[in-house]
Amino acid sequence: METTVPERGTGGRAAPVPRRPGRSPALSSGITKAAARIAAFAVCQAALVAGAGLLITGPARGLWPMTAEDAAVEALEDARTATLDTASSVASALGDTATVVGITLLVCLGLVLVPRLPRWREAVFLAVGVSLQSAVFVLITASVDRTRPDVERMDASPPTSSYTSGHTGAATALYAGLAVLVLSRVRAPWRRPLAAVLLLLPLLVGLARLYRGMHHPTDVAGGLANGALSLFVVGRALLPGHSWVGRPPADALGIAVAAAEQRPAPARRQATVIVNPTVTDEATREQLRLVLAQHGYRDTPFVDTTAQDPGGGQTAGALRAGAELIVVCGGDGTVRAVADALAGTGVPLVLVPSGTGNLLARNLGLPLGPADALAAGLTGEPRALDLGRIEGDGFPAVHFTAMAGAGLDAAMLEETSDRAKSALGWPAYVLAGAKGLRAPRMRLTVTLDGGPELRRTARMVLIANIGTVQAGAAPVPDARPDDGLLDLAVFDPRGAGGWLRAAGVLLRGGGRGRGAKGPGANGTGPGASGRETTAASRTADSARGPVEFHTFRRAELSFARPQPREVDGDPVGPGLRLAAEVRPGALTVLMPAGER
């Protein structure tokens, strides 16, 4: 049974408290309800379109316009020319199964990979709309038995009923679905002409199927109706702004506050949320507000970062205003800027990953869903993490949470334009990396903790506070954010064999082993372990493997020529020097209880 408590500010009206304390129905994704509604309306859709087909082939077959259909198809047969034959073949191919499936897959991948904030809901809308049309089409053809027109057919006749036109239905679901996304998500002036062209394509496919003798006009009309109804049903269930979407109830905030009042908890800190608006949409903000309210944080200010100030200034302002807890909602660059401002203050941080990399959150094993991550942090325990402090010629000293480096990785980041990232997504970095391979190897001198100079050549060097990156790759596998040390990886693969061995380090996470952890310890490639003496570190390049590891508390790197450099994924310009040192326990992060 649910209990009720008076809701503040509502004249004593009772707001239901969820059975599970701290869990609001507003945080439900609505997937279950949406799926149930889609299924229910799909049955109605199939019954409606199939019923129309049974009517056409039954009681209404002697009525107009059914009586004029054969004549219309025969007229198109008489009008055939070589040019129209070719044009109709191209138009018909737009509705082929392979074409529709291929375009749907590519568009869905693009919606997920290309934007900074993946368009999951739009991708699911398109994929489910096309799939629903196909499923209903199969049910209809099994229910309505209609022979194809008695004319010369230009394509092989599939073993399905002529009613409905599967090509037309699939084309309607795909191209009209794309038109919906263009009109609702694109703001460019060409969006309306593009949507008009997309809406025209299903009509051309239907006309081509008639011309080629594959369907009657009412078969094409049935295909258009099936595709359009599929989009209507799925769009109402999934797209934002429509009544079927799983929206929070009107009294969601009251439910969250009531749940917080029922849960025993310590006194709340004054909190501020630092938000990167380019990767955090309004729906995510609303969920975060509800989670904060559930845990007793009412009217918490949300402060947006800007291109000029990615988070440091906003965090400093929040601290001056008395903030005792900072929540950061953004990607690695935003986390770095906020952590830089919090370094050494002792003010705890809650990580809400919203970017594409989210490296620190991944390495800490935090939830990657924004609402789950915030809830885990607000109920978590403080944990002291290390920060790296890095400086060089041309940029001031800053802190980093994940990695900094020079060479190939920095060149990839520096040479990838915003336009390329918007158009291609992460593959744009791969193209930039291929270009960077043509650059000569860097020559550098490394000094670790005041020891002897190490002279090296390299494609890139990484200074790491964490070990793994996206897709489970581990360029610095033994790096840990709480061991009081930083790690240095020197990548210098030579030839195909060297690149394969370097790839093995990345994919297998092979390193020197935990026993090697310590200032000046290093490894010399996959599987290397144990400490090496300083003298051993001065072996010739040819004797070392493609990847060399060291640990240190302070490192000085000097380059023979200016090299591109980056800090936590942000280019800082080319230069001749990097100096890095660890700041043990400089950042306090709230982690789920039991996480170590």
Side-chain angles (χ1 to χ4, degrees), residues 29 31 34-35 37-39 41-42 45-46 49 89-115 117-141 155 158 160 164-186 190-191 193-209 214-215 220 222-240 242 244-245 422-427:
S29 65
I31 292 177
R37 285 169 171 162
I38 290 173
F41 279 90
Q45 172 186 336
V49 182
S89 177
V90 173
S92 180
L94 294 175
D96 285 346
T97 299
T99 303
V100 170
V101 171
I103 294 177
T104 302
L105 180 60
L106 289 175
V107 172
C108 290
L109 288 175
L111 287 169
V112 172
L113 298 178
V114 172
L117 190 66
R119 300 285 188 178
W120 286 106
R121 195 180 290 272
E122 287 79 359
V124 173
F125 158 73
L126 190 63
V128 175
V130 172
S131 301
L132 177 60
Q133 180 281 146
S134 179
V136 173
F137 165 75
V138 171
L139 292 175
I140 294 170
T141 56
D155 297 323
T160 56
T164 62
S165 171
H167 280 66
T168 307
T172 302
L174 172 59
Y175 302 115
L178 290 175
V180 169
L181 296 182
V182 167
L183 290 173
S184 61
R185 296 293 175 265
V186 176
W190 44 261
R191 67 190 183 102
L194 177 58
V197 171
L198 289 169
L199 291 173
L200 181 63
L201 293 181
L203 299 177
L204 293 178
V205 171
L207 181 59
R209 300 303 286 170
M214 303 307 297
H215 294 286
V220 170
L224 291 169
N226 184 32
L229 285 172
S230 296
L231 289 180
F232 175 79
V233 169
V234 177
R236 295 289 291 180
L238 296 179
L239 290 182
H242 294 288
W244 293 359
V245 178
S422 298
L424 301 176
W426 63 264

Give the minimum heavy-atom separation between [X] and [Y], together with the two atoms involved.
X: Ala237; Y: Ile38; result: CB-CG1, 3.6 Å
X: Gln133; Y: Ala173; result: CB-CB, 4.0 Å
X: Val112; Y: Ala123; result: CG2-CB, 4.1 Å
X: Ala171; Y: Gly95; result: CB-CA, 4.4 Å
X: Ala179; Y: Leu198; result: N-CD1, 3.7 Å
X: Ala127; Y: Thr104; result: CA-CG2, 4.1 Å

His215 and its side chain to side chain contact (heavy atoms under 4.5 Å, CB included) partner, picked from Thr164, Val220, Thr168: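 Checked Thr164, Val220, Thr168 against His215; only one passes side chain to side chain contact (heavy atoms under 4.5 Å, CB included): Val220.
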Partner of Pro202 under side chain to side chain contact (heavy atoms under 4.5 Å, CB included), chosen from Leu174, Leu207, Thr172: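 By the side chain to side chain contact (heavy atoms under 4.5 Å, CB included) criterion, Pro202 pairs with just one of Leu174, Leu207, Thr172: Thr172.
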[atom1]/[X] to [atom2]/[Y] distance, rounded to the nearest 0.5 angstrom?
X: Leu224; Y: Leu203; atom1: CG; atom2: CG; answer: 6.0 Å
X: Leu201; Y: Leu178; atom1: CG; atom2: CG; answer: 9.0 Å
X: Ile140; Y: Gln45; atom1: CD1; atom2: CD; answer: 7.0 Å
X: Leu126; Y: Tyr175; atom1: CG; atom2: OH; answer: 11.0 Å

Quick one: does [X]'s side chain get under 4.5 Å of [Y]'s, heavy atoms only?
X: Ser92; Y: His167; answer: yes
X: Leu181; Y: Leu111; answer: yes
X: Asp155; Y: Arg209; answer: yes
X: Leu94; Y: Leu204; answer: no

Side-chain (Ser230) to main-chain (Asn226) donor-acceptor, under 3.5 angstrom: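 Yes; judged by distance alone, with no hydrogens or angles, the pair exists.
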